[in-house]
Amino acid sequence: MTVSKEQHPASKLVYRRQNAWDCLGEKEMAGLMAFAGDYKKFLNAAKTEREVIYEALRLLKSIGFRQLDGTVKLKPGDRIYTVNRNKALIAAVIGKEPLEYGLNIIGAHVDSPRLDLKPLPIFEDENMVFFKTHYYGGIKKYQWLAVPLALHGIIVKANGDSVQVSIGERPGDPVFTIPDLLPHLAKDQMEKKMADAVPGENLNILVGGIPLLGSELKERFKLAILEHLNREYAVVEEDLISAELELVPAWPAVDIGLDRSFVGGYGQDDRVCVYTALRALADISGPERPALVLLADKEEIGSSGNTGMEAVFFANTVREITARCVSNYSELTVRRVLANSRALSADVNVGLDPNYGDVTEKTNTARLGAGVVLTKYTGSKGKNASNDAHAEVVAQVRRFFNDAGVIWQTGELGKVDQGGGGTIAHLLADHGMDVLDCGVALLGMHSPFEVASKVDIFMAYKGYKAFFLR
Ligand SMILES: [Zn+2]
């Protein structure tokens, strides 16, 4: 008689990617659905990097986090935050262990691909008014045509006064769009490569079509829009030069599927990691090691600028925290704190999409529903510019997650020669600390409507919490 595959002792030797849904109790299932509901609300309120920081602050303040600036000394259990130009944030819970032993850090990014208005965006053509845009981050341009877009952002006047703008989110609000070419006349366009089919300079947003009535003035359609902006926001065209106005999808985050297993929405890269990391930090008390959440801006354009991960904000904040925790502050102490820290670079990875199975290598690609993803290395074509976490680091996080019942899986961003991507992992590692990429698998990453599994979102939260408590 042959022994079935399941019964043979050798079957225990095989790694099997678990399905996280199989591993939930009834109580956890209810908790998970409620968590996903809160997450959708967060996505809807936080569609730009500034709005993410604002929502993060709201959450942190509501549970007793205090501004770091206002403190002199910090003791175990203290909860603090600091914000950099409304676009980057660090929040921490001080631990029981001396700071020199290192911090437990989770770093995510708050920016997402979008269409930014150009400094002088307004032009009129054929009795219509458009805004010119310059896209931000890696987008497939055709995905932004023929969809409703909302306009979010800030206009700063020369005197320093600022005006908040949010159009297209409330019921009854107008939205904006980039009309697509009708298929009847798209013969030439359809023969182009997808990358060339929509030139970046054609991503012009339709914003108006009623002229300044009773006037013979030149550009009276544009003038009517300027009059509208002046009436609503008290701004003139020059003010738009010092504005950050971003077009994002106007739709809300929603459940996907008959069984509501997925969340669909804009900006889940990387707000899924932002939200789960913040909630993990909010829900821990009395950690042994200090726990720190770092929210960086500009990851999608190379982490540059003073709110990006390449800037000194992170290291300077660790200096500020160290100065308030140790009696013998020195630059060497700070360097020890940083080098002895461990970090999860919390960013999304690709989930295997059976419709595009040939760009990923099946064995090593994450699956939706199989838990939070540990990504040893990112990069492209030979792990270029990747952090490539040490085996010891991957083993440690595996252990943390296994001990806490976190369902996790391994992931890789695409076939070896297919392409790739990066995260902030290597920039954290520059400080000497051990870093591992760890986040949620998505379908349709960088599209206006990304898809994540609710159980993976929950496992990211559970995993980040487990990490903080070690
Ligand atoms: Zn990302």
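Index from 1, following the sequence. Each ligand, and each atom within it, is numbered from 1 in the order the structure gives. No hydrogens, no waters, no symmetry mates; every other heavy atom, side chains included, goes into these values.
- Arg324 and Asp78 are not joined by a salt bridge, as no carboxylate oxygen comes within less than 4.0 angstrom of a charged side-chain nitrogen.
- For residue Cys273, no N/O/S atom approaches the Zn ion (ligand 1) to within less than 2.8 Å.
- Using a 4.0 Å cut-off between charged nitrogen and carboxylate oxygen, Asp116 and Arg114 count as a salt-bridge pair.
- The Zn ion (ligand 1) is closest to atom OD1 of Asp269 (considering only N, O or S atoms).
- Taking 2.8 Å as the threshold, Glu300 does not count as a candidate ligand of the Zn ion (ligand 1), since none of its N, O or S atoms lies below it.
- With sequence neighbours left out, the salt bridge (Lys or Arg N to Asp or Glu O under 4.0 Å) criterion links Asp255 to Lys40, Arg260, Lys454.
- Nearest N/O/S atom of Asp347 relative to the Zn ion (ligand 1): this is OD1.
- Coordination check, Glu299 versus the Zn ion (ligand 1): failed, since every N/O/S atom of the residue sits at 2.8 Å or beyond.
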Distance-only donor-acceptor pairs under 3.5 Å for side chains of residues 423-433, two or more places apart:
| residue | atom | partner | partner atom | Å |
| --- | --- | --- | --- | --- |
| Thr423 | OG1 | Ser345 | OG | 3.4 |
| Thr423 | OG1 | Ala425 | N | 3.1 |
| Thr423 | OG1 | Asp437 | OD1 | 2.8 |
| Thr423 | OG1 | Asp437 | OD2 | 3.4 |
| His426 | ND1 | Thr423 | O | 3.3 |

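- With 3.5 Å as the limit, one finds no donor-acceptor pair spanning the side chains of Ser386 and Asp388.
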